[in-house]
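All values derive from a computational prediction rather than experimental measurement.
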Amino acid sequence: MSWIEDSSGVYVNDTGLTLSEGDGGDGILTIDELDEDGYEIEIPIRDLFDNPFVKIPTLDANGQISADQIPSIVIGDTFFVNSESEMLALSSAQKGDLAIRQEIQGGATYRLVGNDYSILAHWTELRAKYIQWSEILNKPTTFPVDAHNHDGLYPKIGVNGKISAGVIPFVNFFGDRYVRDSESEMLGLLASSGDVCIRRDENKLYLCMGLPSLLSSWVYVPSPIAKIDSIIMDGTVYVGHVEITPESIKAANEIHEHNYIKAESGEEIRVIRNELDGIPVLFWIDPLNGDTPTPFA
């Protein structure tokens with residue numbers, strides 16, 4: 001908020017506050033709405049402007065705190081010691097100072113985070129370590145060439161744009177397997193997509209593709225027709241893809257007609273099919289009637 005001196009010793013702002021200067025540097029802060037009810041709030045005016053004990057930082061023209069209002073950030077002094085006892089004897093060390101332990105390979109660095117330098121718990125180790133020249137002296141600068149290739153380690157894309165099937169492990173696309181005796185039992189399964197159910201009542205295999213309670217989620221998986229791979233004919237065992245013909249199993253390929261029926265007397269009666277008034281009708285032939293067709297009653 002911004003204050004404007006409305007008159008001598010009286011300051012106002014755009015929030016409805018009025019500050020009047022009083023005796024001894026104190027002032028009276030008045031809120032317009034409360035003033036109508038007779039309420040007054042008295043605060044020391046120096047707390048808002050220039051209290052030497054409570055000072056409020058202000059933003060500069062760039063909307064930032066002025067650098068002169070920010071305290072200096074001091075990392076601290078750095079000491080080199082050769083033992084833990086030397087570190088705990090650093091009487092001139094203050095909070096934030098560093099001690100580098102040279103007796104530890106790599107130079108372990110400790111920071112004084114407490115107020116008592118003589119207490120080990122007030123020192124904490126910094127994980128970053130300085131690498132000294134003695135640690136890398138006489139180390140190899142070159143490494144022998146290792147001739148090798150990665151052809152057998154990384155699969156390549158073939159001419160068909162796919163990875164060779166030989167480098168892909170076997171993937172079982174089917175989940176849990178269930179055996180049930182009816183459609184209702186199959187629909188009552190607590191199955192998941194990818195599970196299969198063998199229906200013994202139909203001798204069929206179904207694959208679950210959605211909610212197991214919906215019949216439409218179960219897809220019938222047809223099985224290929226099994227071929228006969230061996231058969232015994234005339235006492236000889238034939239193995240492999242065997243083609244069975246009427247001749248191979250001594251079944252005569254006879255063409256004949258069943259145009260006779262037997263009467264109760266045992267006599268064979270010839271039957272033919274003919275039309276009577278345009279309607280197909282069965283007739284029987286009576287040899288005693290001159291082979292004249294007679295329709296069945």
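A distance-only check finds no donor-acceptor pair linking the side chain of Trp218 to the backbone of Leu187 [under 3.5 Å]. Looking only at distances, no side-chain donor or acceptor of His122 sits under 3.5 Å from a matching main-chain atom of Val113. Counting only distance, with no hydrogens or angles, the side chain of Trp123 and the backbone of Tyr117 share a donor-acceptor pair below 3.5 Å. Under the 3.5 Å distance criterion, the side-chain polar atoms of Asn160 are matched with a main-chain donor or acceptor of Lys162. A distance-only check finds a donor-acceptor pair linking the side chain of Asp195 to the backbone of Ser192 [under 3.5 Å].
Leu211 and Met186 are members of different hydrophobic clusters when ILVMFWY side chains are connected at heavy-atom separations under 4.5 Å. Under the 4.5 Å side-chain heavy-atom criterion for grouping Ile, Leu, Val, Met, Phe, Trp and Tyr, Val179 is connected to Val196 within one hydrophobic cluster. Under a hydrophobic clustering in which Ile, Leu, Val, Met, Phe, Trp and Tyr are joined whenever their side-chain heavy atoms come within less than 4.5 Å, directly or via other members, Ile198 and Leu189 fall into different clusters.
Between the side chains of Gln102 and Asn82, a donor-acceptor pair is found at a separation under 3.5 Å.
Annotation for Pro212 and Ala191: closest pair CG-O, 3.4 Å, computed over non-hydrogen atoms. The shortest non-hydrogen separation linking Tyr220 to Leu205 is CD1-O, 3.5 Å. Across all non-hydrogen atoms, the minimal contact from Pro155 to Ile163 is CB-CG2, 3.8 Å. Contact between Leu126 and Leu98 at its shortest, heavy atoms only, is CD1-CD2, 3.9 Å. In terms of heavy-atom proximity, Arg177 sits nearest to Gly175 at NH1-O, 3.1 Å.
For Phe79, there are no ring-ring contact (aromatic ring centres under 6.0 Å, His included) partners, not counting sequence neighbours. Under the salt bridge (charged side-chain N to carboxylate O under 4.0 Å, His left out) criterion, Arg199 pairs with Asp201, Glu202, not counting sequence neighbours.
Sorted pairs that involve residues 84-111 and meet ring pair (Phe, Tyr, Trp, His ring centres under 6.0 Å), not counting sequence neighbours, are lacking altogether.
In this structure the side chain of Asp97 never reaches within 4.5 angstrom of the side chain of Leu90, judged on heavy atoms. The shortest distance between side-chain heavy atoms of Glu183 and Leu215 falls below 4.5 Å. Glu84 is listed as a side-chain neighbour of Leu120, based on a closest heavy-atom distance under 4.5 Å.
Atoms SG and CG, from Cys197 and Asp176 in turn, are 11.5 Å apart once rounded to the nearest 0.5 Å. Taking CE of Met209 as the reference point, atom OG of Ser217 lies at 9.5 Å (rounded to 0.5 Å). With rounding to the nearest 0.5 angstrom, the OG1 atom of Thr109 is 9.5 Å from the CD1 atom of Ile104. Rounding to the nearest 0.5 angstrom, the gap separating the OH atom in Tyr178 from the SG atom in Cys208 is 9.0 Å. In this structure, CZ in Arg111 is found 9.5 Å from OG1 in Thr124, a value given to the nearest 0.5 Å.
Just one of Met87, Glu125, Glu86 meets the side-chain contact (heavy atoms from CB on, under 4.5 Å) condition when paired with Arg101; it is Met87.
Within a 6.0 Å radius of CD1 in Ile65, other residues, nucleotides and ligands contribute 12 heavy atoms or fewer.
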Quick one: do Thr78 and Ile100 satisfy side chain to side chain contact (heavy atoms under 4.5 Å, CB included)? Show the steps, please.
CA-CA 7 Å; Thr78 301; Ile100 299 177; 3.9 Å; yes

